[in-house]
2 protein chains.
Amino acid sequence: MGKQMTEMLKGTLEGIVLALLTGKPAYGYEITTLLREQGFSDIAEGTVYALLVRIEQKGLVDVEKRPSEKGPPRKVYSLNDQGRQELQEFWKTWTFLSERIEQLNGKEK
Amino acid sequence: MGKQMTEMLKGTLEGIVLALLTGKPAYGYEITTLLREQGFSDIAEGTVYALLVRIEQKGLVDVEKRPSEKGPPRKVYSLNDQGRQELQEFWKTWTFLSERIEQLNGKEK
DNA sequence: ACTAGTACATAGTAGCGCTAAGTAGTGGAA
DNA sequence: TTCCACTACTTAGCGCTACTATGTACTAGT
């Protein structure tokens, strides 16, 4: 990751993961793969797992352990009501910020 | 500031300030005021000054000291070539990130 | 036995915005 | 003339988050 991207992900990655979880539950390894496919090609595994621990402790997701055919058991995370609410606030904050920034983009030159 | 916004500003605030500096030089107090007017209503003064120290040390801006009629001398910052280059990279990173996130926004629901 | 892929965990580090407290200068109100 | 408000800049310490690095554990193929 570039250093810029690393800093920018602070505060947005949580929202991104919550958004990924909307509709369909997922487990850590799966989420990491998804993120990498969607362009965050060198997201660190540890980053994702640490984030998942965090959002679980904040009570934004429900967790269920399920056996895997190919390795250790998976921890499947699904968004709960509190998580959905947090996600909504994420969108509000994001929209606000991105509007200001886009405005600055227009101004220069 | 909400905690979400605080985290989101990490990595974007520097770009925002660099963008503000495009075209017209400005000093710290002025930049803080500008940011507050543009919606970042409770940006901490210390945050801005610390950021200015940082971008000066990274060599992204030129600094000139000018007397003020109303207080201590001002430190006027202007974007230099390296700063303009950094700003360009900021836009690239921002565009990439915001496209991914906007895409997620469309997907849900 | 070895390797690769799947799956999760965590201690330590760096970077950045915030808090809080300070210094310094000017002008107006009490 | 004392006090306050505004202007203007500085900096130590804190909390949060992504990254680095390393480890554990299970399965399947060679």
Side-chain angles (χ1 to χ4, degrees), chain A residues 1-18 25-36 40-58 60-61 63-77 86 90 93 97, chain B residues 1-18 25-36 40-58 60-61 63-77 86 90 93 97:
Chain A
M1 281 285 156
K3 222 193 292 177
Q4 265 191 355
M5 183 57 88
T6 291
E7 288 308 319
M8 248 185 238
L9 282 177
K10 295 184 182 176
T12 54
L13 187 57
E14 181 180 307
I16 291 171
V17 170
L18 292 179
Y27 55 97
Y29 191 80
E30 190 185 6
I31 293 171
T32 306
T33 309
L34 266 169
L35 287 171
R36 290 192 172 143
F40 303 100
S41 43
D42 29 37
I43 266 274
E45 253 196 295
T47 298
V48 176
Y49 287 113
L51 188 154
L52 290 172
V53 168
R54 229 157 52 223
I55 64 176
E56 183 186 353
Q57 266 157 6
K58 286 204 253 176
L60 308 179
V61 286
V63 190
E64 195 192 346
K65 210 163 225 174
R66 277 191 226 160
S68 161
E69 328 78 49
K70 297 174 151 187
R74 297 165 173 166
K75 281 179 74 177
V76 178
Y77 295 84
E86 180 80 0
F90 167 76
T93 309
L97 181 61
Chain B
M1 280 285 157
K3 221 195 293 175
Q4 267 191 355
M5 183 57 89
T6 291
E7 288 307 320
M8 244 184 242
L9 282 177
K10 293 183 183 178
T12 54
L13 188 57
E14 181 181 305
I16 291 172
V17 169
L18 291 179
Y27 54 96
Y29 191 80
E30 188 185 6
I31 292 170
T32 306
T33 308
L34 265 168
L35 287 170
R36 291 194 171 141
F40 304 100
S41 43
D42 29 37
I43 266 274
E45 254 196 294
T47 299
V48 176
Y49 287 112
L51 189 154
L52 291 172
V53 168
R54 227 158 51 226
I55 62 176
E56 182 186 353
Q57 265 157 7
K58 285 204 252 175
L60 309 179
V61 286
V63 191
E64 195 193 344
K65 211 163 227 175
R66 277 191 226 158
S68 161
E69 328 78 47
K70 295 175 152 189
R74 297 164 174 166
K75 281 178 75 176
V76 178
Y77 295 84
E86 179 80 1
F90 166 76
T93 309
L97 181 62

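The chains referred to below are lettered A, B, ... by the order of the sequence lines, with proteins before strands, and numbering in each begins at 1.
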Answer yes or no: does a side-chain N or O of [X] lie under 4.0 Å from OP1 or OP2 of [N]?
{"X": "A:Arg54", "N": "D:dA18", "answer": "yes"}
{"X": "A:Tyr49", "N": "C:dC8", "answer": "yes"}
{"X": "B:Tyr27", "N": "D:dA8", "answer": "yes"}
{"X": "B:Thr6", "N": "C:dG17", "answer": "no"}
{"X": "B:Arg74", "N": "D:dC9", "answer": "no"}

For [X] and [N], what is the distance between atoms [atom1] and [atom2] respectively, to the nearest whole Å?
{"X": "A:Glu69", "N": "C:dG5", "atom1": "CD", "atom2": "P", "value": "17 Å"}
{"X": "B:Tyr29", "N": "C:dG25", "atom1": "OH", "atom2": "C1'", "value": "13 Å"}
{"X": "B:Lys70", "N": "C:dT26", "atom1": "NZ", "atom2": "P", "value": "13 Å"}
{"X": "A:Leu52", "N": "C:dA9", "atom1": "CG", "atom2": "P", "value": "9 Å"}
{"X": "A:Gln57", "N": "D:dT17", "atom1": "CD", "atom2": "C1'", "value": "14 Å"}
{"X": "A:Gln4", "N": "D:dA18", "atom1": "CD", "atom2": "P", "value": "17 Å"}
{"X": "A:Glu30", "N": "C:dG5", "atom1": "CD", "atom2": "P", "value": "19 Å"}
{"X": "B:Leu97", "N": "D:dT17", "atom1": "CG", "atom2": "C1'", "value": "15 Å"}

Decide yes or no for [X] and [Y]: does some side-chain heavy atom of the first lie under 4.5 Å from some side-chain heavy atom of the second?
{"X": "B:Leu9", "Y": "B:Phe40", "result": "yes"}
{"X": "A:Glu14", "Y": "B:Glu7", "result": "no"}
{"X": "A:Ile31", "Y": "A:Leu51", "result": "no"}

request  = Count the heavy atoms belonging to other residues, nucleotides or ligands that lie under 6.0 Å from NZ of A:Lys58, then report whether that count exceeds 12.
outcome  =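 For A:Lys58, atom NZ is crowded (more than 12 foreign heavy atoms under 6.0 Å).
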inquiry  = Just verifying a value: how many Å separate A:Lys10 NZ and B:Thr12 OG1, rounded to the nearest 0.5 Å?
reply    =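 So the gap between those two atoms works out to 12.0 Å.
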query = Can you find a donor-acceptor N/O pair under 3.5 angstrom joining the side chain of B:Lys10 to the base of D:dC16?
reply =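 In this structure, the two groups form a donor-acceptor pair.
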